[in-house]
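As structure tokens, the structure follows; a few thoughts come after it.
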Amino acid sequence: MSSRQKRIRERKLIKVSIAIGSALTAWAIGVGIAGDSKSIIFDALFSMVGLSLSGVSLLVNNFIRKPDDDNLPFGRAQFQPFAITLQSSVIIFLCLYSLATSVIDIINGGKTVELDVALPYLIASIIVCFLLWLFFKKKASELGSEYLRIESTEWQLDAWLSIGVLAVLSLGYFLKAGPLAYLIPYLDPAMVFIISIVFLRIPAKTFWKNIRELLQFAPDDEVEDKIHDASEKICQQYQFLDSWVRVAKTGNSYTIEIDFLLPKSLSGTTVSRLDEIRQELYDQIKGDYEMWLTISFTTERKWMI
């Protein structure tokens, strides 16, 4: 599949996610207000943030496919991790905000939620979110798409959130007639508190991963390993003295610089011969990803550093 076909499929799938998410969010807001449930309102806010950031993903997806120009001579790949970092930051903020408000609610005596109002929404939300989570997870794997992986993660979080809310509200229903009935007002804010802490881990991990890309840390993945192995193989095959490999990953694009140190006896090697070696190395490291590749040869170590 070409890069263009991949982007078109990504955009179509994200639009589907936005359409379904919009319907669930509108329903959740109505149910949360009617049932006075902060956990359901949190669910709605989480979905709303996901929807708005999915829209941002669409815009960024369109932007990065434009050709290089004088202002961005090295491409636009950096805008992908920037957009994902923004997504993760907003979700982290939402989790922290919900964490704080749930503590305040617990201190103020909690609140009672009507299960009858919330039940139809929660059941429908669990089914839809789980199906969409599995669907987008599969598509993200097929297309190697970070955007779709984020969509999958958001639907996964939505699904578990709805399950948690349903479990807690159901517990409140069974506690009504027992000696622990006084705990019922605390169940909803306690659920928000627990979910906020649990949910922080995933966006925080995504945030750190994409910050590393923006700062051009080495990717430390199988692609980098393959590049190092291929470079060492070329070095040994042609009896070069040394090689120096630099790899950085930004979005779906790898920036790769490989320098080979040649012995003085090979200083007269023709450009056409060196181009043949470049092609051989390129054939070994190419894959289903974009590369900004520079391969150079020198007999002076100072030009490698």
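Since the model is a prediction, treat every value here as computed from it, not as a measurement.
Taking the side chain as every heavy atom from C-beta outward, Ser296 and Phe260 never approach each other to under 4.5 Å. Using a 4.5 Å cut-off on side-chain heavy atoms (C-beta onward), Ile92 and Leu200 make contact. Counting only heavy atoms from C-beta outward, the side chains of Ile197 and Leu99 approach each other to under 4.5 Å. Contact of the Leu24 side chain with the Cys129 side chain is registered, since non-hydrogen atoms from C-beta on lie closer than 4.5 Å. Counting heavy atoms from C-beta on, the side chains of Ile256 and Thr294 never come closer than 4.5 Å. In this structure, the side chains of Phe136 and Trp155 come closer than 4.5 Å at one or more pairs of heavy atoms. The shortest distance between side-chain heavy atoms of Asp259 and Glu257 falls below 4.5 Å. Side chains of Lys249 and Glu224 form no contact here, defined as non-hydrogen atoms less than 4.5 Å apart.
The list of salt bridge (charged side-chain N to carboxylate O under 4.0 Å, His left out) pairs with a residue in residues 231-244, not counting sequence neighbours, reads Asp242-Arg301. Within the structure, every pair that satisfies the side-chain hydrogen bond (donor to acceptor under 3.5 Å, both in side chains) test and touches residues 189-210, not counting sequence neighbours, is listed here: Lys209-Glu213.
The backbone N or O of Leu148 sits nowhere less than 3.5 Å from a side-chain atom of Ser152 that would complete a donor-acceptor pair. Proximity of a side-chain donor or acceptor of Ser231 to a complementary backbone N or O of Ile227 within less than 3.5 Å is detected. Using modelled atom types, no side-chain atom of Ser141 and backbone atom of Lys137 make a donor-acceptor pair closer than 3.5 Å.
Counting all heavy atoms, side chain and backbone alike, Tyr186 lies closest to Ile106 at CE2-O, 3.4 Å. The shortest heavy-atom contact between Ser88 and Pro203 is CB-O, 3.4 Å. When all heavy atoms of Ile126 and Ala159 are compared, the closest pair comes out as CG1-O, 4.4 Å. For Ser162 against Ser125, the heavy-atom pair with the smallest separation is OG-OG, 2.7 Å.
Distance check, rounded to the nearest 0.5 Å: SG of Cys235 to CG of Leu241 gives 7.5 Å. Note that CG of Leu166 is 5.5 Å distant from CG of Leu122, once rounded to the nearest 0.5 Å. Put simply, CD1 on Ile29 and OH on Tyr121 are 9.5 Å apart, with the number rounded to the nearest 0.5 Å. Interatomic distance, Ile234 CD1 to Ile295 CD1, rounded to the nearest 0.5 Å: 8.5 Å. For the atom pair Trp244 CH2 and Met304 CE, the distance stands at 7.0 Å (nearest 0.5 Å). Here Ile258 contributes atom CD1 and His228 contributes atom NE2; the two are 8.5 Å apart, rounded to the nearest 0.5 Å.
Residue Trp27 places its CH2 atom among more than 12 non-hydrogen atoms of other residues, nucleotides or ligands, all under 6.0 Å distant. Other residues, nucleotides and ligands contribute over 12 non-hydrogen atoms within 6.0 Å of the CZ atom of Phe297. Within 6.0 Å of CD on Glu300 lie more than 12 heavy atoms contributed by other residues, nucleotides or ligands.
The existence of a salt bridge linking Arg278 and Asp275 is confirmed by a sub-4.0 Å separation between a basic side-chain nitrogen and an acidic carboxylate oxygen.
Val128 and Ile123 fall within a single hydrophobic cluster, where Ile, Leu, Val, Met, Phe, Trp and Tyr are joined by side-chain heavy atoms under 4.5 Å apart, directly or via other members. Hydrophobic cluster membership is shared by Ile107 and Phe193, with clusters built from Ile, Leu, Val, Met, Phe, Trp and Tyr side chains linked at under 4.5 angstrom. Under the 4.5 Å side-chain heavy-atom criterion for grouping Ile, Leu, Val, Met, Phe, Trp and Tyr, Ile127 is connected to Val16 within one hydrophobic cluster.
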Applying side-chain contact (heavy atoms from CB on, under 4.5 Å) to Val247 and Val245, what does each step give before you reach the verdict? CA-CA 7 Å; Val247 183; Val245 179; 3.7 Å; yes
What's the verdict on side-chain contact (heavy atoms from CB on, under 4.5 Å) for Leu183 and Leu171, showing C-alpha distance, side-chain angles and the deciding distance? CA-CA 10 Å; Leu183 293 176; Leu171 178 62; over 6 Å; no
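Leu266 pairs by the side chain to side chain contact (heavy atoms under 4.5 Å, CB included) definition with Phe240, Leu262, Pro263, Thr269, not counting sequence neighbours. With sequence neighbours left out, the ring-ring contact (aromatic ring centres under 6.0 Å, His included) criterion links Phe130 to Trp133, Trp160. Among residues two or more places apart in sequence or in another chain, the side chain to side chain contact (heavy atoms under 4.5 Å, CB included) test is passed with Glu142 by Arg9, Lys138, Lys139. When the side chain to side chain contact (heavy atoms under 4.5 Å, CB included) test is applied to Ser267, the partners found at least two apart in sequence or on another chain are Thr299.
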